[in-house]
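Have a look at the structure below before the remarks.
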Amino acid sequence: MDFRFTEEQELLRSAFADFAKEEIAPYAAKWDEEDYVPMGIVPKLGEMGIMGVFVPEEYGGAGLGHVERCMALEEVARYSAGLAMMVFTHHLGVAAILDYGTEEQKQKWLPGMCDGSCVCGLAVTEPGGGSDVAGLKTEAVLDGDTWTINGRKCFITNSHCAGVTVVTCKSGEDEKGRAIMTTIAIEKGTEGFAPGREENKLGLKGSFTGELVMNDVKVPVENTVGEIGKGMPITMKELGEVGRASMSAIELGILRGCLEDAVKFAKERILYGKPISKLQAIQFKIADIRCDYEAARLMTYNAAAMKDAGKVGAEFSMAKYFISEAAVRAARNLSEIMGGYGVVNEYAAGRYLRDAICCLPSCGTSEIQKMIIAGETLKKW
Ligand SMILES: Cc1cc2nc3c(=O)[nH]c(=O)nc-3n(C[C@H](O)[C@H](O)[C@H](O)COP(=O)(O)OP(=O)(O)OC[C@H]3O[C@@H](n4cnc5c(N)ncnc54)[C@H](O)[C@@H]3O)c2cc1C
């Protein structure tokens, strides 16, 4: 076993880190304060290879893997978890097209998605409950070679900026009355397809989260992503494997922010004539944040490496569950280390906590992850 990154991966990581320090760090607090989505940075993310990091070069991507994708997300999220949310959800939609799309779809959409001229999205959740994917109601009816889609999605990242959104629809029922799903790509500007309300979130500012409304949207059958009727496994695979490793990487970025800020503050804050880093109670909190970060790092990159190796398992859910909770824990620890300064918006501690809380439900709540983990454990052990 060797848990180190390769030399090439380390070089890439430092390139992503330099980019994030220059292009994201100076503005992250302002984006958060003004709830501003920095669309201007998307072409730069494209130039850095981040938008299409795992897409083969023939479609305009960087031709790398999911480990490198998670590295990019960690570095972006170190300073702006909100912006990282935009990138992660873009990757979800891109992955669906790459894994299941036709050659024509890949040629048509992937180059723009890689260079940052077209942001992608994946819309599953509905007002009726995100955990109950099988209960979704957005209906797609195929007549000849045209789908007619009606419904409403909510909590969708990139709702107000995506050029293409892969939408999970109910396209029928089986003989037992269970929903049959199909995933269909809808382009921005298609008649009847529009963003609805934009949510005013607690955190993860720097990304749009909102509704998508579909009223008699006509879409050619060529926009079907994957086989008709196979939408459920497609959606669950992308959410499960790409989505949960990504959320883990974003939360890892928040954890690193907590660790770096905790160390800095503890060394600089003087009480009783010496830095508070000399106090054992403060050291214990720093030790807790460090352990959470190191465990989270192993779990994130293990999940990403599993994806690259084509392996499946509950490790994706374990990473998402553990790191979601760890990020909230670390942000609280940081806030406490900082005393009164921990709740002052001039410092990032409050933002980390708000962002970490907003990560909890994204890509499945902790309860849903625990159900998946328990299900696999009870089967295997
Ligand atoms: C910032 C953000 C971005 C998001 N982006 C996207 C996106 O791009 N695309 C998308 O499709 N969705 C997106 N979502 C939606 C997200 O996937 C859902 O919020 C999540 O799946 C939970 O669904 P829900 O909010 O409807 O909660 P519900 O499903 O209504 O759950 C409510 C509560 O019930 C619990 N619960 C549900 N089922 C069970 C069970 N069987 N056993 C025990 N407890 C249970 C849940 O854990 C939760 O505590 C996003 C959410 C957020 C917060």
Side-chain angles (χ1 to χ4, degrees), residues 1-25 44-81 83-84 87-88 90-92 94-95 98-99 110-111 113-116 237-238 240-260 263 289-320 322-323 326-327:
M1 287 177 106
D2 186 349
F3 291 108
R4 285 168 303 175
F5 294 120
T6 63
E7 211 173 299
E8 290 78 23
Q9 286 171 330
E10 286 294 358
L11 283 172
L12 192 69
R13 169 188 278 285
S14 64
F16 290 150
D18 289 347
F19 173 82
K21 267 186 209 138
E22 234 168 78
E23 300 285 348
I24 301 171
K44 292 184 189 172
L45 290 163
E47 248 171 65
M48 271 307 289
I50 292 176
M51 297 301 272
V53 60
F54 62 107
V55 175
E57 288 173 24
E58 59 182 301
Y59 301 117
L64 299 166
H66 290 272
V67 167
E68 290 82 1
R69 194 173 63 77
C70 285
M71 281 178 165
L73 286 173
E74 181 189 343
E75 295 304 328
V76 172
R78 161 63 187 90
Y79 299 106
S80 174
L83 178 62
V87 179
F88 134 67
H90 166 83
H91 286 160
L92 265 182
V94 167
L98 183 63
D99 292 344
L110 289 179
M113 290 175 179
C114 293
D115 70 22
K237 184 178 163 70
E238 301 305 354
E241 297 170 18
V242 177
R244 287 178 190 142
S246 313
M247 281 311 303
S248 305
I250 293 174
E251 291 150 353
L252 185 63
I254 298 173
L255 267 162
R256 207 173 91 219
C258 293
L259 183 58
E260 289 175 2
V263 169
I289 302 175
R290 175 82 194 276
C291 287
D292 274 340
Y293 172 72
E294 295 296 344
R297 191 164 180 267
L298 289 173
M299 292 178 96
T300 299
Y301 290 105
N302 177 49
M306 279 177 64
K307 174 70 184 156
D308 281 332
K311 293 186 189 159
V312 293
E315 281 82 352
F316 299 102
S317 287
M318 291 181 211
K320 165 70 173 76
F322 177 83
I323 306 169

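Residues take their numbers from the sequence shown, with the count starting at 1. Keep in mind that the numbers below use all heavy atoms, side chains included, and drop hydrogens, waters and symmetry copies.
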Next on the checklist: Just verifying a value: how many Å separate T300 OG1 and M247 CE, rounded to the nearest 0.5 Å?
Outcome noted: 11.0 Å
Checklist entry - Side chains of Y293 and E260: do they bring a donor and an acceptor to under 3.5 Å? => result no
Next on the checklist: Using every non-hydrogen atom in the two residues, find where A245 and F316 come nearest and quote the distance to one decimal.
Outcome noted: CB-CD2, 4.4 Å
Next on the checklist: The test is side chain to side chain contact (heavy atoms under 4.5 Å, CB included); show your working for E294 and R290 and say whether it passes.
Outcome noted: CA-CA 6 Å; E294 295 296 344; R290 175 82 194 276; 2.8 Å; yes
Item to check | Any donor-acceptor pair under 3.5 Å from S80 side chain to A77 backbone | outcome: no
Checklist entry - If we only count heavy atoms from C-beta on, is the F54 to D308 side-chain gap below 4.5 Å? => result no
Item to check | Polar side-chain atom of D292 near backbone of L255 as donor-acceptor pair, under 3.5 Å | outcome: no
Item to check | V67 to Y301 - nearest heavy-atom pair and separation | outcome: O-CE2, 3.7 Å
Item to check | Working for side chain to side chain contact (heavy atoms under 4.5 Å, CB included), residues F3 and N302 | outcome: CA-CA 9 Å; F3 291 108; N302 177 49; over 6 Å; no
Checklist outcome for this item: Interatomic distance, CZ@F16 vs CD1@I24, rounded to 0.5 Å, equals 11.0 Å
Item to check | Distance in Å, M318 CE paired with S248 OG, rounded so as to fall on 0.5 Å steps | outcome: 12.0 Å
Next on the checklist: Any side-chain to backbone donor/acceptor pair from E74 onto M71? Under 3.5 Å, distance only.
Outcome noted: no
Checklist entry - In Å, rounded to the nearest 0.5 Å, how long is the span from CZ of R256 to OH of Y79? => result 6.5 Å
Item to check | Lys/Arg-Asp/Glu bridge criterion (N-O < 4.0 Å) met for K307, E315 | outcome: no
Next on the checklist: To check you understand the geometry: which heavy-atom pair defines the closest contact between A304 and H66, and what is its length?
Outcome noted: CB-O, 3.6 Å
Next on the checklist: Nearest 0.5 angstrom please: L98 CG to E238 CD, how far?
Outcome noted: 8.5 Å
Checklist entry - What pair of heavy atoms forms the shortest contact from S246 to R69, and how long is it? => result OG-NH1, 2.8 Å
Item to check | Smallest separation among heavy atoms of M51 and G46, with atom names | outcome: CG-N, 3.6 Å
Next on the checklist: Let me confirm one number: the CG-CZ distance from L259 to R78, rounded to the nearest 0.5 Å.
Outcome noted: 9.0 Å
Item to check | Closest contact, heavy atoms only, C114 versus G60 | outcome: CB-O, 3.2 Å
Next on the checklist: Can a donor-acceptor pair be found, under 3.5 Å and without considering hydrogens, that links the side chain of H91 to the backbone of V242?
Outcome noted: no
Checklist entry - Below 4.5 Å, heavy atoms only, C-beta onward: do Q9 and R4 meet side chain to side chain? => result no
